[in-house]
Structures are given as C-alpha cells and as structure tokens.
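Reviewing the structure listed below.
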Amino acid sequence: MQTIKLAFRNLFRNTRRSILTVMLISLSLTALIAVDAVMRGMLTLLVENVTSTISGEAQIHRVGYRENLDVDLFLENSMEIEQALSQDASLQSYSPRVISAGMISSSYNVSAGLLYGIDADREHTISKVAQAVVRGEYLTGEDSELLIGQSMAELLEVDLGDRIVLTLSEANTGELAQALFRISGILDFGMRELDDNFVFINIAAARKALAMSDQQTHEFVLTFVNPEDAENPDSGIFKQLNDEEIEALGWLDLNREIGLIIELMAYSSLVVGAVLFLLASLGVINSMFMSIYERIYEFGVIKAIGTRPAEISRLILCEAFLLATISCGIGMLLGFAVNSWTSVNGIGLGEMEFSGIAISNNIFGEFHIAQFTQFPIYVVILTIAAAIYPARFAARIIPSEALQRSL
Amino acid sequence: MSGVISTTDVCRYFGDDEETMVKAVDRVSIEIVRGEFATIVGPSGSGKTTLLHLLGGLDNPTSGSVELSGTNIAAMSGAVLSDFRRDHIGFIFQSYNLIPVFSAEENIEYIMLLQGVEASERKRRVTDMLQQVGLEGLGDRRPNKLSGGQQQRVAVARAMVSHPEIILADEPTANLDSKTGIALLDLMKELNENHNMTFVFSTHDEKIMNRASRLIHLHDGEVDLDERK
C-alpha cells in the first residue's frame, strides 16, 4: 500500500514529464484504437463491395466452370438445387444466372464482353445491378431488354433504345448464335471491370440465346442471414451441395486475393501497433530513466536505510503501472471519441479501386470490444515491460555511489 | 563496555592500477562501544565518509572485516544486507534526504513499514519521536515546508525510530547555520545520554568534536590518532 502511495505521489513530482509520458502512451493507444476501427471499417466495406456488388456471399457452379467460364459446364439439376436453397433457413436470398462470353456489337463498334442472364426479381435482392442503373430502367422481364455499362456504351457509341447484337456460342453444340436487344438501361457500378465488360439481360432470354433449357443454370448466387456463415466451409449448405459435380464456395474461397488482402491488413494493424508501442516504450524508458536519475540520491538514501532492491524495483514498476493505467483511461476515452466520430462521419478516400474492387464510399470506423479490453491490457503489459530495465537499474544502485552524487 | 561495531584491518581502495590506486581507507582497526559519541575527523579526502559507509554496510571493503554485534556485514549483500541495515543501523545524511513526497510523519514511519511494525505501534512511536526532536504539530508537513534544521530533526527521528544499535551521521550539521547546528547536536547528545544510544559522526565541525567522547583522526585513509576524552 505504501509503495502504491509513494509511486502515486512520485508521479506528481514532475507533473510536466508525467503529463508528457501519459500523453505519449494514451495517444498511442488512441491511434491504435482508431487505426483498428478504420481497418475494420475498410474491411467491412471491402467485403461488402465484393459480396454485394455482383458476387454475393457464396456461389454454386458446376465443378470446373470457374476456370474458363465454359458455357457447356452448366448445372443440370437446378430445380433440385433451388429446392435445397429455398429450404435452407440460413440463407437470406439466392438467384440463378446464366453466363457467357460473347461479342457485343452496335452499328458503330464491337467489343468482347460478358453476358449475364439474370432473374430480375431475385437479383434485385442479391446484387447492385438495379442500383447501378443511372439512366433508363432496370429489367422488367421483357425478352429484348439489355443493361450495359456506361463505358462500354461509350465505346460502342450507343445510348438508351439503341440496338445491340450479341454473338454467342450455343451451349452443347458450340454453334454461333446471334440475338438482338435494345438498351433499356445504362449502368455505372464505379468498377472498371464491370462497366467495361458486362451486359445484363433477362435469364429467359439468355437461356434462349444459348439454347439452354429452363432447368439449366451456370451459377447460383447466395446471401446468408448471418454473413459469417459464408466464411465457414463446414456450414450446412456447403456440406449439403458440394460433391464431385457441384462446387458451392463462400466469397473467401471465390476471391482468394481478398483473403490475402485481409491477412495483409491484419499484419498492417500489427505492424502499426508494434511501431506505435515501440516508440511509446522508448518514451517510457526514457521518462523512467530521467525520473530515476533525478532521484538517484534519494534512492541511495532509501536503500541505505533498509529498502530492499526488490522493493525499489516494485516502486518503479508500480509507477509504470499507474502511468499506464491513467494513460489507458485517457486513451480509451479519446479512442472512443475518435471512433464515435469516424463511425458517424466516416473518412472519405475519394474513389479508390483496390485489387479491382471499387471503394467509393466513406470508410466508417467500427467499434470492437477488443479495442477497449485487449488493447489497454497490451498497453499496461508493454509499459510495465518497458519499465523493467529502469527498475532493475534502480534496484542495483549502490548506496555509497548514489550518495556521492549531487543532482 | 561492550563493542557495538568493530573493524579489523579494513581497507577500501579505488582503482585497479597500482600507480593510480586511491587508498581511501587503509588497514583501519577500530572498535566503537555502546553509548559512545564518537567522531571520525580529518581533512577533506582523508577517508571519513568512506569509513562511515563501510561501517554502515553501504560499501564493501576491499579487504578486512566490519563486524556489527558479532556479524561480519562486509560479507553480506542484497536483501540480507538491506534488512540488516534496516534493523541495526540508523543513518543521518548531510543533506537531510527525506522523501519529498512524504510528510514528516510518513518519513519517520517509512522504516517501520519496511520492518512490518503494526500500525498502532508505528503511530505511537512517530508521535513519541516527533516530541523528542521537538517537532510536535509539524508531522503533517512535507519536507519543503520545513526549515533545514527541522528537516534534519526529522532525519534524526527517522534514524532513531527503529531503535538501531548505532547511528551513523555524515556531517549532519554541514548544511545548518551555527545556532541550528548546536541545537541539533544538543538534541543528539541528549538522546545519547538518556537512551545510551551510540553515535558515530564523520565531521570537521568543531562543535561536534567538542561534544564527542572520542575522536578518531584519519589521515590519508589511516588512523592517525584515536583519543578518548
């Protein structure tokens, strides 16, 4: 108790230095909390962009289809799959798609592109195609409707109502087929890859153009009630559907580069944290040593009158603990304030494309329990660890030498 | 009279090189008996403070032994030596050296906390010591609110409160004005006579020498003259 009292009072002997040390530690904690919140927000935005734009949280294909989008590798039993999907309570929604590469021609130009045949009603709940319509109308179900990316429309020199001819290779036979459409809507996803290459038509028209039956589908896109289920390859729907012919994969398996980005972001947070606390630790060591050198005569005296070396160490560590505790309190308050601000206002990064994924929205800071439990504990542990060396130094002070010094 | 502390051929040399080696204390053999009011005197650099540090176990001798109540403290180190100093030796330093963030009472109480003395006993002894050194009513003041003489009185109280066998004082009056120094010396002499407490001073203050019962003269680290009055 006496050690705590002495340590606490010692903190106020040089108030300015103590305030500076507390600021150093608390601002490091604040920065760590804020960086973590922004990183989490960025990750959420990234994942949201990946999953909600077009890919969904999981997809079902015929095995081998994803390698080169071969139109012949369609799901034969899509009715059975739909039945299984409709009975799975963990799923929020699903939508079938027919996909094919093809030539997209206008009266003025031609471009290679990717045709997506979608179920307009279901797709509405799963992707951002409907929200991406900047001019014209979303698909209503009519055979001739076609949605085209703004940049592709510019390339083909077409506008709403203009004709587009799709040249495709029919499924099974490989025969070339052509189909005529009229542009009903112009899209702007804010993602170059989509705006340059994708056109969307109704799924029935796509099946017709590709000579596929109503039962044949290239892809099912899924979203989950709990999005974390999509990250678990052992969850129900994956186990139920995966076999030699069918592969059902979550977004992490579908976008392996995103998994790497997530890992990279985790490492970045770790590195930022390590650098911040290395600097803070050096500050603590420096501050502790200054405090010890200032009191070296005093340490000589208290050691002379019978204070054990371990008690002197304990005193220094206690001072560090109190510094860390006060700093954590302030750091958490500041961290809470910064996170509150970023979670409401967000941080605008302009339009950014990250590994082909557009991040055009503000990044909103996200609170997490670890920011206010684990991080402060790390801070206390690291501060005490930083004080061990000065504490050992103080414990080893030789009274006769310390008493010779006059500071 | 029984010996409280004794040294046998104690030496303290600084430096390893024969040519530059400083023999601060050289083959000193003395015995301080209970109730003595002894002073170690000599010019600056004669080894007074070094000898006092050796007597108090604040420094280890290069050779020889220092025995306090039959225990060779020269062979002790670490926590054992700290505990021994705490329980057997009281120190008074030239610059008072109280803990600045503690009040006078807390400074006096500190050593008893190290000893594990019970709270009620600590309180009783602190009150008693403040009265003995004439600081009643000033116990709650921090050192910076006390005069130099008052601070040194607190230091005397701190040194005595644990009932040590010997009190070692390194030039305790050096930073005090003449009047305050005399008052402090009278206090220590009184405690010496009333409680048979043993005091050893290092000093070149004539006021102390005049009151001492024994003068140990040091010159270049060696005992030049050891006279009892």
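Here is how names work: the chains are called A, B, and so on, in the same order as the sequence lines, proteins then strands, and each is numbered from 1.
The local environment of CG in B:D16 is sparse, with at most 12 non-hydrogen atoms from other residues, nucleotides or ligands closer than 6.0 Å. Summarising the local packing, NE2 of B:H219 is surrounded by 12 or fewer heavy atoms from other residues, nucleotides or ligands at distances under 6.0 Å. In this structure, A:R13 places its CZ atom where more than 12 heavy-atom neighbours from other residues, nucleotides or ligands lie under 6.0 Å away. Heavy-atom neighbours of B:F14 CZ from other residues, nucleotides or ligands within 6.0 Å: above the threshold of 12. Shown here is A:F336, whose CZ atom has no more than 12 heavy atoms of other residues, nucleotides or ligands within 6.0 Å. A 6.0 Å sphere centred on CE of A:M23 holds no more than 12 heavy atoms belonging to other residues, nucleotides or ligands. Heavy atoms of other residues, nucleotides or ligands lying less than 6.0 angstrom from OH of B:Y13 number more than 12.
Only the side chain of B:R142 comes within contact range of chain A, with heavy atoms under 4.5 Å apart. Proximity to chain A (any heavy atom under 4.5 Å) is shown, for B:F102, by both the backbone and the side chain. Of the two parts of A:A310, neither the backbone nor the side chain holds a non-hydrogen atom closer than 4.5 Å to a non-hydrogen atom of chain B. For chain A, no part of B:T50 is nearby; none of its heavy atoms comes within less than 4.5 Å. With a 4.5 Å cut-off on non-hydrogen atoms, A:I398 touches chain B through its side chain but not through its backbone. Within the 4.5 angstrom heavy-atom criterion, only side-chain atoms of B:Y110, from C-beta onward, approach chain A.
Atom-to-atom distance recorded for B:I89:CD1 and A:I305:CD1 is 12.5 Å, nearest 0.5 angstrom. Atom OG1 of residue A:T307 and atom CG of residue B:D83 lie 10.0 Å apart, to the nearest 0.5 angstrom.
Contact between B:S103 and A:R9 at its shortest, heavy atoms only, is N-NH1, 4.4 Å. The shortest non-hydrogen separation linking A:A304 to B:F93 is CB-CZ, 3.7 Å. Of all heavy-atom pairs spanning B:R85 and A:K303, the tightest one is NH2-O, 3.0 Å.
Side chain of A:R308 to backbone of B:S82: no donor-acceptor contact under 3.5 angstrom is found.
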>> Pair A:E298, B:V101 - check side-chain contact (heavy atoms from CB on, under 4.5 Å), show working.
In response: CA-CA 11 Å; A:E298 193 180 309; B:V101 292; 5.7 Å; no
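Chain A is approached within less than 4.5 Å, heavy atom to heavy atom, by B:L113, B:L114 from residues 113-123 of chain B, ordered by number.
Among B:G56, B:P100, B:G78, the residue making the largest number of heavy-atom pairs under 4.5 Å with chain A is B:P100.
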